[in-house]
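First the structure, in the form of C-alpha cells, and then the observations on it.
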Amino acid sequence: MSDSVETLPRVPLFSPGRIWVLASSTFTQLVRMRTFYFLIVFAILVAAASNLDLLYTPAQKLRILKDASFGAMSIFSWLFAIAATAVLIPRDLEDRTLYTILSKPVPRLEYLLGKLGGVMLTIGVALVVMQVLFTGFLFFREVTVLASERQYLESQGEMSAADIQVQLDLIRAQGVQWQLLYALVAIFLKASVVAALTMLVSTFASSTLFTMIVSSIVFMVGHFHKLAAGYWLEEFGDSLFTKLIIKPIVMIIPDFRVFNVAENVVGGEPVSAAIMLSLTGLAALYVAVYSAVALYLFIDKEF
Amino acid sequence: MSVPAVEVRNLTKVFPLSLRKEYLVAVEDLSLTVNAGEVYGLIGPNGSGKSTTMKVVLGLMAPTTGSTKVFGIESRDVRSRNQIGFLPENPYFYKHLTAWETLKFYGKLCGMRGKELKDRAGELLALVDLEGARDRRLSGYSKGMLQRIGLAQALIQRPKLVVLDEPTAGVDPIGSRQIRDLIFKLKDDGISVFLCSHLLEQVQEVCDQVGIIANGRMWREGSLHDLIAIEDQTELVLRDASPELLDKIKALIESEAGGCAELIRSGHPRTTLETLFLDIVRESREAQDLKDREKLAAKEAKKQKPSSK
Ligand SMILES: Nc1ncnc2c1ncn2[C@@H]1O[C@H](COP(=O)(O)OP(=O)(O)OP(=O)(O)O)[C@@H](O)[C@H]1O
Ligand SMILES: [Mg+2]
C-alpha cells in the first residue's frame, strides 16, 4: 500500500527552476503583447529632447535630456507594473490556463513568484534598453556641447585655460556619470514594489479594472501620506483617528517618494551607495511582505 | 492490492451563492474509486457536479467535507499532481505560444529538460495529429485543435493517471475516434483514466467502470458489464446451434415443472447505457421535484405561523 508514496518522484518544496520557467514564459507573453513598442516611442522622445535647442545653458541642455528620459522611464515602469500585473492572473483564470498549470506539480507560491518575476524581468529589460539608448544620446550631446562651448569660450579669449576647464567640468557633471545607474535602479525598485502591490490586489479583486484602480489609488496615496500624516499628527495629536486610520496606512503603504533618486541625480546631488543599499532593502521588504499576503489570499483560492 | 488511482470519500462541495444566505450543493456525499489501470467514466446531466468533482480531485478546489486522494496522497498535497495529467473542459492555453512551445512549457513545469522533453513533445504532437500545426500560435487554433493540444499537454510527463473533462467535446468524428483509440492505448500501457463525457456510446465502449451522477449524488455505480445487464434475465450464447437444438431447448423450458420460466427472445438481453442514463435522470428529477415541493411546503408553513399569531 505504502510503496507508491515513496516511489513517487519528490517535488521540491521550492524550485527556482520552475519559477524561472514561469517568469520567462510571462516575459515572452508580455513581449508578444507588443509592449516593447513603447521603446520606439521612448527613442523618439529622447531624440527629440536631445535635439531641443532652446535658449538654455549647455548644462541645462544635458539636464533636460536626463529629466525627460528618467521621467518617461519612471512613468513607463509604474504604469506597466500596474497594467501588466493586473491583467496577467485574471487572464490565466479566464482562459483556464491556470487549471492546467496548477494541475501540474506547481506550488501556488511558485506560480505567484513566477508571474511577479516575469513582470519585473520585462520592466528590467525595458529599463536597461531605455537607459542604454538615452545614455548614448546623452554622451553624443555631451561631446558636441563640450566642443562648441570650448570653442566659444576660447574665441572670447577672456578666460584662462584653467577657468575654461572649470566651466567644462561643470558641464561634464551633467553628462554621463555612474550616478545615472542609481536612478535606474531606484526606478526599477519602485516598479517592483508597485508590481507586488498590484499582484496582492489582484488576488482578491473581482475584476481587472478594480485591481488597476485600487493599485493606482494606493500608489498615489503612497506619494503624499507621509506628508499628510505629519500634518494630521500635528493637528489632532494621538487621536483614535490617527491611531486607527493614519498610522496603519503609513505602515502598509510605502513612502514612494523615497525612490525618487532620479531627481537628486539629475539635480547633481550625489547619492551615496549606503542610501541605495537601504532603498534596495526597503523595496525587498515590501515585495516580500506583499507577496506573502498575496500567497495567503491565493493559496486557498478556488477556481 | 495496489493503491487506487483516485479515491473520493464522502465528498460534499457547497458553493455559497453571493445573494442572500443561500447555498448550492454541487456535490453531495459522493464516493468513488478509480482503481489503478482502470478506465472510469463519470456521466451525468449538465450541472450535476462532474467537473466540480474533478477539480477537487486535482486540488483546484477544497472539499467542503470528505476527502480525495490520488495514489494515496491527499489532493491538497502538491506531490499528488506529479502523476496527473489533466484536460479541463473547453481548454485554452497561452495564445501567444505555438503548439511546440506549449508542450515544452508544460514539460518544463514537470521538471523535464533537453532531449527527453523534445522527444516527448514530438511524439505527442504526432499522437494528436498536430505535427502540421506545430509552429502555429494557438491563437489561430480551432476548438478541436485546442482540445488535441490539451490532451497532449496532459500526457507530457507520462502521468499514471489522466483526468479528462469531456475529451471529445468539439472534436470531429474522426478525432473523437482517435481519442477513443488513445484511451485504449493508455489503458494498455497501464495508465488509469478518469473521464467524464456526454457521448454515452463512447463511454460504453471504453470504460470499465461507470458512475452515473445527477444533482451531485451518485445514483448508480459499477462495472459497465453489470450496470447494463438486466438482472432477472439470463443469457445463453450458442455458436452454430442447429434449429433442432433450439427446438429441444424450447421444449425443455416449456416442460419445466411449475412452468414459470419462459423464453422471451434469443439475442442480446442488454439495455444500452443511454437508456439507463435517461431512466436515472428521470428518477433523479422526480426525487428533486419532491424535495423542492417539500421545501416549498415547509416555507409556506413557516410563513403562515407568524401571521396566525
Ligand atoms: N465556482 C462555482 N461557484 C458557484 N457554483 C458553481 C461553481 N462551479 C460550479 N458550480 C455549480 O455547481 C454545479 C455543478 O457544476 P459542474 O461544473 O460540476 O457541472 P458538470 O457536471 O461538469 O456539468 P457540465 O456537463 O455542464 O459540464 C452547477 O450547478 C454549477 O452551477
Ligand atoms: Mg463539466
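Chain naming here is simple, since letters A, B, ... match the order of the sequence lines and numbering starts at 1 in each.
For chain B, no part of A:Arg91 is nearby; none of its heavy atoms comes within less than 4.5 Å. With a 4.5 angstrom heavy-atom cutoff, A:Asp92 touches chain B only via side-chain atoms. Only the side chain of B:Lys13 comes within contact range of chain A, with at least one heavy atom under 4.5 Å from a heavy atom of that chain. Neither the backbone nor the side chain of B:Leu87 comes within less than 4.5 Å of any heavy atom of chain A. B:Arg76 does not touch chain A: none of its heavy atoms, backbone or side chain, sits under 4.5 Å away. For B:Asn90, the parts sitting under 4.5 Å from any heavy atom of chain A are the backbone and the side chain alike.
With values rounded to the nearest 0.5 angstrom, B:Gln157 atom CD is found 4.0 Å from A:Lys104 atom NZ. In this structure, CD1 in A:Ile101 is found 11.5 Å from CG in B:Leu60, a value given to the nearest 0.5 Å. For the atom pair CD (B:Gln153) and OG (A:Ser103), the distance works out to 6.5 Å, reported to the nearest 0.5 Å. With rounding to the nearest 0.5 angstrom, the CG atom of B:Leu58 is 10.0 Å from the CG atom of A:Leu102. Atom CH2 of A:Trp20 sits about 10.0 Å away from atom NZ of B:Lys108, to the nearest 0.5 Å. With values rounded to the nearest 0.5 angstrom, B:Met54 atom CE is found 13.0 Å from A:Tyr99 atom OH.
Using a 3.5 Å distance cut-off with no hydrogens or angles, the side chains of B:Tyr106 and A:Thr100 do pair a donor with an acceptor.
Judged by distance alone, with hydrogens and angles left aside, the side-chain atoms of A:Gln29 form no donor-acceptor pair with the main-chain N or O of B:His96 at under 3.5 Å.
Side-chain contact between B:Lys95 and A:Asp95: present, with at least one pair of heavy atoms (C-beta onward) separated by less than 4.5 Å.
Contact count versus chain B (heavy atoms, under 4.5 Å) is highest, among A:Met33, A:Arg108, A:Lys301, for A:Arg108.
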